[in-house]
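A short worksheet on the structure shown next.
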2 protein chains.
Amino acid sequence: MTRQRRVILEELKKMKSHPSADEVYEVVRQHLPRISLGTVYRNLEILSELGQIQKLELGGTLKRFDSNTRKHYHIRCINCDRVDDAPMVFMENIEDALDDSTGYKVIGHRLEFLGLCPGCMEKALERNTLDADSDTYAQKASNF
Amino acid sequence: MTRQRRVILEELKKMKSHPSADEVYEVVRQHLPRISLGTVYRNLEILSELGQIQKLELGGTLKRFDSNTRKHYHIRCINCDRVDDAPMVFMENIEDALDDSTGYKVIGHRLEFLGLCPGCMEKALERNTLDADSDTYAQKASNF
DNA sequence: CTAACTGCAAAAGCTTTGCTTTTCA
DNA sequence: TGAAAAGCAAAGCTTTTGCAGTTAG
C-alpha cells in the first residue's frame, strides 16, 4: 500500500460521482502533484482486483470507478454522461428468467438506466428545445 | 444509398453474431476490396440513425452492431467476448421500479448478462482448470 | 449539376506497457 | 536488499475527422 494507492482510494471514497480514471487523476494530483496517469490506471485496476472498489463498464466510451462495492445499478444521462446510482433493489435472481437455451454458464448481469439528468432537463426546458431535441434523444435512446 | 452502404447493410443482416465495425469491414471487404474502414464506421453510424440497425454499447471496449432492431437483451462471454441474444422477454416497464428520487427523466434501459459461453466452458473443463480459473472469473464478474 | 459520399491518412481519445529509477517492508 | 511500484514516455487500439476526388440521383 503505497502513498499513491492510499490517496487514490481515499479520494475515490470521497467522490459521490462515478469518476473516470482521468477525473481521479485530476483530484489525486492536488495531493500528489508528481503522480502519473499511468500510476492511477494501474492502481485503480489493482484496487478493483482486490475488491476494494468497483470498475464500471457502462455504456459510453470510458471506464468509471466506484468506491461503493455493493452490487447496484446506475442511471446515466444521455446528454452529459453524468452517472448516478439507480435507486432500485438489486435483482439477485433475474438470471433465472433467462431461457436455458443459451448454453451459457451465467455469472451475473448489468443493468443501466438511461435518461436526462435534472440539469440537462432544465436546460432543455429553458431553451424550449425539448421538442426539437427529442428526435436526437429518441435516436440516442434507441441504442440500448 | 450507395453501393457501400447497401453492402454493409446486407452483410450485417447475414451475420448472426454482433460484429464490431472492424469485423463488418473484413466481411464487406470481400465484396468491395477498396472500401475503407472510415466508410464502414460512417455508414454504420448513419444506418443506426436511420433506425435500420442497432448500435450496441455493451461492456468491453468496442462498439458492436446488430441488424435486429427490436429491443432485446444480450449475453456476453467474459472470457472470449462472444455476444449472443439473451432469450428473455423485454421488460417494457422495468423503469417503473425506479424510485422517483433520481430527478432524471428516464428514457430507457439496458440489460446485459455475463457468463461463460459453451465453447469457453468446454475448454475450461477439458483443462480441468475451471476451479483454478474461477477466481479470475469471479473477479471479472464483480465489475457489473 | 451538386449535394452527399468515398478513400486515404492523419489525428484524437482512452488505456496499456516498457523501461529505468525509486520506495517500502 | 529485493520485490513491488512509480514516473515518464511511447505505443496500442478503436473511433473520428479533414480533405480532395468521386458518385448517385
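Chain letters run A, B, ... following the sequence lines, proteins first, then strands; residues in each count from 1.
Here B:M1 sits alone; no ILVMFWY side chain lies under 4.5 Å from its own, so it joins no hydrophobic cluster. The hydrophobic cluster around B:M15 extends to B:V27, counting ILVMFWY residues whose side-chain heavy atoms fall within less than 4.5 Å of a member.
Taking B:D100 as the reference, nothing meets the side chain to side chain donor-acceptor pair (under 3.5 Å) condition, with sequence neighbours excluded. Every residue was checked against the salt bridge (Lys or Arg N to Asp or Glu O under 4.0 Å) condition with A:D22, not counting sequence neighbours, and none meets it. With sequence neighbours left out, A:R29 forms a salt bridge (Lys or Arg N to Asp or Glu O under 4.0 Å) with A:E26. Among residues two or more places apart in sequence or in another chain, the side chain to side chain donor-acceptor pair (under 3.5 Å) test is passed with A:N93 by none. Here A:R42 pairs with nothing under the side chain to side chain donor-acceptor pair (under 3.5 Å) rule; sequence neighbours left out. Evaluation of the salt bridge (Lys or Arg N to Asp or Glu O under 4.0 Å) rule for B:D66 yields no partner, not counting sequence neighbours.
For DNA chain D, the span of nucleotides reached by chain B at under 4.0 Å from its heavy atoms goes, 5' to 3', from D:dT14 to D:dG25.
An OP1 or OP2 oxygen of C:dC5 is reached within less than 4.0 angstrom by a side-chain nitrogen or oxygen of B:R5.
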Using atom types as modelled, flag every donor-acceptor pair under 3.5 Å from a side chain in residues 30-39 of chain A to any protein atom, sequence neighbours excluded.
unit_1 : atom_1 : unit_2 : atom_2 : d
A:H31  : NE2    : A:E11  : OE2    : 3.2
A:S36  : OG     : A:T39  : N      : 3.3
A:S36  : OG     : A:T39  : OG1    : 3.1

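A salt bridge links B:R64 with B:D81: at least one charged nitrogen is closer than 4.0 Å to a carboxylate oxygen.
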- Using a 4.0 Å heavy-atom cut-off, write out nucleotides 16-25 of chain C from 5' to 3' as B (base contacted by protein), S (sugar-phosphate only) or - (no contact). BBB-----SS
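For DNA chain C, none of the residues of residues 7-25 of chain A falls under the heavy-atom distance limit of 4.0 Å.
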